[in-house]
*Asks:* 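This structure is in structure tokens; I'll ask about it shortly.
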Amino acid sequence: MKAKILFEDDKYRYFDKNGVELHDEDVIVWDSGKEEKIYLTKQGQLGTDATNPYWIESEMAAVGEFGIYPLSENDLKEIAKKI
């Protein structure tokens with residue numbers, strides 16, 4: 001399986017459905033066509049911003065202010081890194 005999360009040398013490594021490694025601030029494309037930037041958490045996990053995008057655009061909140069939703073292996077099956 002190409003989409004996976006590995007834990008090596010005390011670090012997480014994420015791979016999209018095509019086997020491409022993902023990194024902090026990469027842009028991903030879901031199978032639905034939705035595009036999102038991913039972020040690295042303090043725990044070393046990659047995930048998507050949980051903050052309401054309208055609040056960010058309106059400067060009522062900052063990126064990541066309401067947390068990051070960590071990516072799961074099931075999520076990775078639906079994600080491709082935007083090139």
*Asks:* Are K17 and E78 close enough for a salt bridge, meaning some N to O gap below 4.0 Å?
*Replies:* no

*Asks:* Which distance, rounded to the nearest 0.5 Å, do you find between the CD1 of I68 and the CD of Q45?
*Replies:* 11.0 Å

*Asks:* What residues form a salt bridge (charged side-chain N to carboxylate O under 4.0 Å, His left out) with E8, not counting sequence neighbours?
*Replies:* R13

*Asks:* Report yes or no: does D49 contribute a side-chain atom to a donor-acceptor pair with the main-chain N or O of V63 at less than 3.5 Å?
*Replies:* no

*Asks:* When you group the ILVMFWY residues by side-chain heavy-atom contacts below 4.5 Å and let the links chain together, are L40 and L71 in the same group?
*Replies:* yes

*Asks:* Test I5 against L76 for side-chain contact (heavy atoms from CB on, under 4.5 Å), laying out the working first.
*Replies:* CA-CA 8 Å; I5 301 171; L76 295 173; 3.5 Å; yes

*Asks:* Please list all pairs meeting ring pair (Phe, Tyr, Trp, His ring centres under 6.0 Å) that have one or both residues in residues 60-83, counting only residues at least two apart or in different chains.
*Replies:* W55-F66

*Asks:* Dump the intermediate steps for side-chain contact (heavy atoms from CB on, under 4.5 Å) on L22 and I38, then the final yes or no.
*Replies:* CA-CA 9 Å; L22 301 171; I38 54 174; 3.8 Å; yes

*Asks:* Apply salt bridge (charged side-chain N to carboxylate O under 4.0 Å, His left out) to D26 and list each qualifying residue two or more places apart in sequence or on a separate chain.
*Replies:* K81

*Asks:* Listed by chain and number, what are the ring pair (Phe, Tyr, Trp, His ring centres under 6.0 Å) partners of Y54, not counting sequence neighbours?
*Replies:* none

*Asks:* Indicate the atoms forming the closest heavy-atom contact of K77 with D31, along with that distance.
*Replies:* O-OD2, 4.1 Å

*Asks:* Quick one: does S58's side chain have a donor or acceptor within less than 3.5 Å of a partner on M60's backbone?
*Replies:* no

*Asks:* Would you list the pairs meeting salt bridge (charged side-chain N to carboxylate O under 4.0 Å, His left out) in which at least one residue belongs to residues 54-73, sequence neighbours left out?
*Replies:* none

*Asks:* Between K4 and L6, is a side-chain contact (heavy atoms from CB on, under 4.5 Å) present by the stated rule, with each step listed?
*Replies:* CA-CA 6 Å; K4 61 187 168 192; L6 298 177; 4.1 Å; yes

*Asks:* Would you check, one step at a time, whether the test side-chain contact (heavy atoms from CB on, under 4.5 Å) holds for I28 with D16?
*Replies:* CA-CA 9 Å; I28 57 170; D16 71 7; over 6 Å; no

*Asks:* Nearest 0.5 Å, please: how far is CG in N18 from NZ in K2?
*Replies:* 6.0 Å

*Asks:* Using the ring pair (Phe, Tyr, Trp, His ring centres under 6.0 Å) rule, collect all pairs that involve residues 12-51, keeping only residues at least two apart or in two chains.
*Replies:* F7-Y12

